[in-house]
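First listed ligand is number 1; within each ligand, the first listed atom is number 1.
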Amino acid sequence: MPLRLVVAEDYDDMSARAASLVKEALARRAVDGAPARPARLTVPTGDTPLGLYERLAADPAAAAALRAADIYQLDEYLGAGPGDDVSFAGWLRRALLRPAGIPDGRFHRLPADHLEPQLALAHFEAELAAAGGLDLAVLGLGVNGHLGFNEPGSPFDAPARIVRLRPETVRVNRHYWKDAGEDTPHYGVTLGLRTLFAARRVILLASGEHKAAALARALEGPVTPDVPASGLRRARGEVIVVADRAAASRLADVPAPSPGSRVP
Ligand code: GLP
């Protein structure tokens, strides 16, 4: 299926467009299945999706659809438990789960603090695959082209696993936890590209000039594990990239934003 690029005016417009694409994917699930089953999705942490989450939580229909879905954690720091201050589970709880009223039981936390994390991760991903895989993967883009914590060099069929974070990722992550300073983790766990690229719909978000080089490499450079996001061009399902003008500024081939398409 060809990848679709939506260029938004700015961060707010990107968030609004992403919100309607997420709603559409969840609504499609509701009418598709007979009997209807809960949608399965994964969503990112980081700065990029915060505007999307605000919109979803403030929209009663979207929040209700999310409460009926199963949310699988995308990535986490190795060893992080639910009560840890520096954890993506906590970030997501504050940014989306709590504001949208999503019950804890609907959030499937990566077993980052398991005694045997690698085994537990394989089990986590196998259970997700056995349930039918992801209906929707909302993803952010790392400055180095990573997806989740699938760093450059990750094979496109990589499984869920423990990863050593690249120095640039550690640096970017340090800014999320200003008080943690040097203690920001150097290892993470992540759903594998295999699972992400098999999702029925992928929505990749990119905002800001600091993402422009990574987005250009992902969409217009060689398809290579050196740029994990470039693998989206070979993904099985529907892939929609929603980028604001700043993030799209280094693309050679940019569709003009359609007039009047700003989503209220
Ligand atoms: C982080 C997270 C990713 C996130 C990405 C972009 O390291 N592991 O899940 O999507 O990098 O983050 P941001 O949106 O803050 O730029």
Shortest protein heavy-atom distance from atom 4 (C) of ligand 1, along with the residue and atom involved:
Thr45 O, 3.9 Å
Does an N or O anywhere in Tyr176 fall below 3.5 Å from an N or O of ligand 1?
yes
How close do Ile162 and Leu121 get, heavy atom to heavy atom, and via which atoms?
N-CD1, 3.9 Å
Proximity flag Lys211 to ligand 1, non-hydrogen atoms under 4.0 Å
yes
Quick one: nearest non-hydrogen protein atom to atom 10 (O) of ligand 1, plus distance?
Gly140 CA, 3.3 Å
Within less than 4.0 angstrom of ligand 1, does Leu141 place any heavy atom?
yes
How far does CD1 of Ile203 sit from CG of Leu21, to the nearest 0.5 angstrom?
4.5 Å
Nearest non-hydrogen protein atom to atom 14 (O) of ligand 1, with distance, is Thr48 OG1, 2.4 Å
Can you tell which part of Asn173 has a heavy atom less than 4.0 Å from ligand 1: side chain, backbone, both or neither?
side chain
Would you say Thr42 and Thr195 make side-chain contact, with heavy atoms under 4.5 Å?
no
For the 3.5 Å polar cut-off, considering only N or O atoms, please tell me whether Thr169 and ligand 1 meet it.
no
Hey, can you tell me if Tyr72 and Phe124 have their rings parallel, tilted or perpendicular (30° and 60° cut-offs)?
perpendicular
Nearest protein heavy atom to atom 11 (O) of ligand 1, by residue and atom, and its distance?
His146 NE2, 3.0 Å
Rounded distance [0.5 Å steps], CD in Glu125 versus OG1 in Thr190:
9.0 Å
So, applying side chain to side chain donor-acceptor pair (under 3.5 Å) with Ser154, which one of His146, Arg161, Arg194 is it?
Arg161
Side chains of Arg201 and Asp135 in contact at under 4.5 Å (non-hydrogen atoms)
no
Nearest protein heavy atom to atom 9 (O) of ligand 1, by residue and atom, and its distance?
Asp75 OD2, 2.8 Å
Can you list the ligand 1 atoms lying under 4.0 Å from a non-hydrogen atom of Phe149?
7 (O), 8 (N)
Could you tell me whether Glu209 atom CD has more than 12 heavy atoms of other residues or ligands within 6.0 Å of it?
no
Give the atom numbers and elements of ligand 1 that come within less than 4.0 Å of a heavy atom of Phe88.
8 (N)
